[in-house]
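A quick write-up on the structure given underneath.
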Amino acid sequence: VLRVLVNGNNQLLVEGKPALIRDLKNTTVEFITNPKQLETLPRKPNRAIISLQNDRSTTYQTYISVYNELKAAYNEVWNEAAQEQFGFYYKDLNAKQKRAVQKDFPLVISEAEPTDLLGQK
């Protein structure tokens, strides 16, 4: 599970450590694909779970920015898998081919109810 938290000060924490939103996509891609076969990351992409939690005070813009980076990571992974398996971009696949890619790399973003995390670092 990759734990992504946005506190009430709109600060991003990934696995409890401060992070930049612009780096979140690459961190997420690495987590999903585990190219270095690290023991601390999922061994298979279909076991990768992203846990997203926000503070009630998190701005909507920050929430959307974080969510968009997570979704962009999956889009990148799907595009690479589509090109490897079918020789086309993901958007150009038919429905059956898209399901095959998503079966190997399922989008699993678990969103917890917002809590009062104001200022947590």
Side-chain angles (χ1 to χ4, degrees):
V1 176
L2 181 67
R3 289 169 181 79
V4 177
L5 174 85
V6 184
N7 68 22
N9 293 324
N10 294 306
Q11 296 167 317
L12 176 65
L13 297 124
V14 177
E15 293 298 319
K17 297 175 185 166
L20 299 173
I21 292 174
R22 69 174 180 249
D23 297 332
L24 185 58
K25 181 180 87 164
N26 290 336
T27 299
T28 305
V29 167
E30 185 173 318
F31 176 79
I32 296 166
T33 60
N34 192 6
K36 297 176 185 172
Q37 296 298 304
L38 299 174
E39 295 287 326
T40 56
L41 300 180
R43 290 196 181 269
K44 297 181 180 181
N46 63 359
R47 299 181 145 256
I49 299 169
I50 311 300
S51 173
L52 175 59
Q53 187 170 23
N54 297 288
D55 184 273
R56 285 186 179 91
S57 299
T58 301
T59 65
Y60 184 70
Q61 180 58 46
T62 300
Y63 165 79
I64 289 298
S65 295
V66 168
Y67 190 89
N68 284 345
E69 289 301 306
L70 295 173
K71 185 66 168 76
Y74 277 96
N75 287 337
E76 182 175 309
V77 169
W78 290 343
N79 246 341
E80 288 179 20
Q83 289 175 7
E84 284 178 22
Q85 292 179 32
F86 303 106
F88 295 99
Y89 289 108
Y90 179 79
K91 69 178 182 67
D92 297 325
L93 299 180
N94 64 40
K96 183 178 178 182
Q97 291 168 325
K98 285 181 179 180
R99 282 191 302 274
V101 169
Q102 288 181 5
K103 183 179 179 191
D104 291 339
F105 300 93
L107 175 93
V108 183
I109 300 175
S110 172
E111 290 192 64
E113 284 292 316
T115 59
D116 291 315
L117 304 166
L118 186 66
Q120 181 180 349
K121 294 180 183 177

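Side chains are part of it too, since the values below use all heavy atoms of this structure and drop only hydrogens, waters and symmetry mates.
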- prompt: Quick one: which of I64, V6, N10 gives a side chain to side chain contact (heavy atoms under 4.5 Å, CB included) with T59?
  reply: N10
Using the test side chain to side chain donor-acceptor pair (under 3.5 Å), find all partners of [X] that sit at least two apart in sequence or belong to another chain.
X   : answer
T58 : none
Y90 : Q102
S65 : Q61
N68 : none

- request: Sequence neighbours left out, what passes side chain to side chain contact (heavy atoms under 4.5 Å, CB included) with E111? Give chain and number order.
  value: L52, Y63, Y67, I109
- request: State which residues pass side chain to side chain contact (heavy atoms under 4.5 Å, CB included) with K96; sequence neighbours excluded, sorted by chain then number.
  value: N94, R99
Only distances under 3.5 Å count here; give the side-chain donor-acceptor pairs of residues 26-36 to other protein atoms, sequence neighbours excluded, each with its distance to 0.1 Å.
unit_1 : atom_1 : unit_2 : atom_2 : d
T27    : OG1    : D23    : O      : 3.0
T28    : OG1    : L24    : O      : 2.8
T33    : OG1    : V29    : O      : 2.8
N34    : OD1    : Q37    : N      : 3.2
N34    : OD1    : L38    : N      : 2.8
N34    : ND2    : L38    : O      : 3.1
N34    : ND2    : P42    : O      : 3.0

Is the shortest heavy-atom distance from the side chain of [X] to the side chain of [Y] under 4.5 Å?
X   : Y   : result
S51 : L2  : no
L93 : W78 : no
I21 : T62 : yes

If hydrophobic clusters are built by linking Ile, Leu, Val, Met, Phe, Trp and Tyr wherever their side-chain heavy atoms come under 4.5 Å apart, do [X] and [Y] end up in the same one?
X   : Y    : value
V1  : L12  : no
L20 : V66  : no
V4  : V108 : no

task: Please go through Y89's hydrophobic cluster and name the other residues, only I, L, V, M, F, W, Y counting, with side-chain heavy atoms under 4.5 Å joining them.
output: none
[X] and [Y]: which non-hydrogen atoms are nearest, and at how many Å?
X   : Y    : result
A19 : V14  : CB-CG2, 3.7 Å
I49 : S110 : CG2-CB, 4.4 Å
F88 : F86  : CD1-O, 3.1 Å

message: Treating N7 as the side-chain partner and N9 as the backbone partner, does any N or O pair qualify as donor plus acceptor under 3.5 Å?
response: yes
Determine which pairs satisfy salt bridge (Lys or Arg N to Asp or Glu O under 4.0 Å) with at least one residue from [range], sequence neighbours left out, and list them in order.
range          : answer
residues 37-53 : E39-R43
residues 4-19  : none
residues 66-86 : K25-E76

- prompt: With sequence neighbours left out, what residues match R3 under salt bridge (Lys or Arg N to Asp or Glu O under 4.0 Å)?
  reply: none
